[in-house]
*Asks:* 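Have a look at the structure that comes next, please.
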Amino acid sequence: MNAESEFERRVKRVLKGLEPGEVATYGEVAEEAGYPRGARAVGNLLKRSSDGLPWWRVVRADGSLAAPHSREQRELLESEGIRVGDARAFSTRPRGNGI
DNA sequence: CCCCTGACTAGAA
DNA sequence: TTTCTAGCCAGGG
């Protein structure tokens with residue numbers, strides 16, 4: 001009855017791999033899940049099944065938080081020691097050049 | 001099978 | 001700098 005697709009399974013695994021204090025963008029999650037163009041699908045998945053998943057550790061590519069839960073998300077991020085300046089939490093993922 | 005929606009992204013104005 | 005548009009993906013009707 002749990003008709004979860006491979007996409008859903010992969011994305012969930014990536015989300016569960018996120019540790020407290022770590023932040024990633026929808027695109028990064030999708031890419032690590034094996035779907036470099038599935039950022040939108042990732043957001044859709046969290047909307048449907050965010051239970052049991054650290055959805056608050058996922059932010060937009062520009063650092064802005066998710067619209068319908070930005071307030072709650074900000075509280076959770078700051079609770080994990082993440083500085084949310086002007087509602088912007090940048091990904092903690094390593095970049096190509098380091099900055 | 002076709003059409004629409006959405007917790008997205010990159011590029012143009 | 002901000003705002004708008006086109007493109008992409010999966011799910012639901």
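A, B, ... follow the sequence lines: proteins, then strands. Residue 1 opens every chain. Predicted, not measured: the structure shown is a model, and the values here were computed from it. Just the heavy atoms: all of them, side chains too, but no hydrogens, waters or symmetry mates, feed the values below.
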*Asks:* Got a second to check how far A/Leu18's CG is from A/Thr92's OG1, nearest 0.5 Å?
*Replies:*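 A/Leu18 atom CG to A/Thr92 atom OG1 measures 8.0 Å (nearest 0.5 Å).
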*Asks:* Using atom types as modelled and distance alone, determine if a side-chain donor or acceptor of A/Glu72 lies under 3.5 Å from a backbone N or O of A/Trp56.
*Replies:*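 Not confirmed, A/Glu72 side chain does not pair with A/Trp56 backbone.
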*Asks:* Any idea which heavy atoms bring A/Ile82 and A/Ala89 closest together, and the distance?
*Replies:*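 Heavy atoms of A/Ile82 and A/Ala89 come nearest at CG2-CB, 4.4 Å.
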*Asks:* I need the minimum non-hydrogen distance between A/Ala66 and A/Gln73, along with the two atoms involved.
*Replies:*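 The pair with the smallest heavy-atom distance is N-OE1, 3.0 Å.
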*Asks:* Output the distance between atom NZ (A/Lys12) and atom OG (A/Ser49), rounded to the nearest 0.5 Å.
*Replies:*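 Rounded to the nearest 0.5 Å, the NZ-OG separation comes out at 5.0 Å.
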*Asks:* First contact, last contact: which nucleotides of DNA chain C are these for chain A, 5' to 3', heavy-atom distance under 4.0 Å?
*Replies:* C/dG7 to C/dG11
*Asks:* Taking any heavy-atom pair under 4.0 Å as a contact, classify A/Tyr26: base, sugar-phosphate, or nothing.
*Replies:*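 It contacts base atoms.
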*Asks:* Without placing hydrogens or testing angles, list every side-chain donor-acceptor pair under 3.5 Å for residues 29-48 of chain A, not counting sequence neighbours.
*Replies:*
from, atom 1, to, atom 2, distance (Å)
A/Glu32, OE1, A/Arg93, NH2, 3.1
A/Glu32, OE2, A/Arg93, NE, 3.0
A/Glu32, OE2, A/Arg93, NH2, 3.3

*Asks:* Taking only heavy atoms on the protein side, list every residue of residues 38-47 of chain A lying under 4.0 Å from any atom of DNA chain B, sorted numerically.
*Replies:*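 Output list: A/Ala39, A/Arg40, A/Gly43, A/Asn44, A/Leu46, A/Lys47.
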*Asks:* List in chain and number order the residues that pass salt bridge (Lys or Arg N to Asp or Glu O under 4.0 Å) with A/Glu80, two or more places apart in sequence or in another chain; answer none if no residue qualifies.
*Replies:* A/Arg57
*Asks:* Side chain of A/Thr25, backbone of A/Arg60: donor and acceptor closer than 3.5 Å?
*Replies:* no
*Asks:* Using a heavy-atom cut-off of 4.0 Å to chain A, what are the terminal contacting nucleotides of DNA chain B, in 5' to 3' order?
*Replies:*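 Here the contact window of chain A covers B/dG6 to B/dA10.
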*Asks:* Do A/Glu78 and A/Arg74 sit within salt-bridge range, that is, some charged N less than 4.0 Å from a carboxylate O?
*Replies:* yes
*Asks:* Not counting sequence neighbours, which residues clear salt bridge (Lys or Arg N to Asp or Glu O under 4.0 Å) with A/Glu19? List them please.
*Replies:*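 Salt bridge (Lys or Arg N to Asp or Glu O under 4.0 Å) check on A/Glu19 returns nothing, list empty.
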*Asks:* Scan A/Ser70 against the nucleic acid and name what it touches under 4.0 Å (heavy atoms): base, sugar-phosphate only, or nothing.
*Replies:*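 No contact at all - A/Ser70 keeps every heavy atom at 4.0 Å or more from the nucleic acid.
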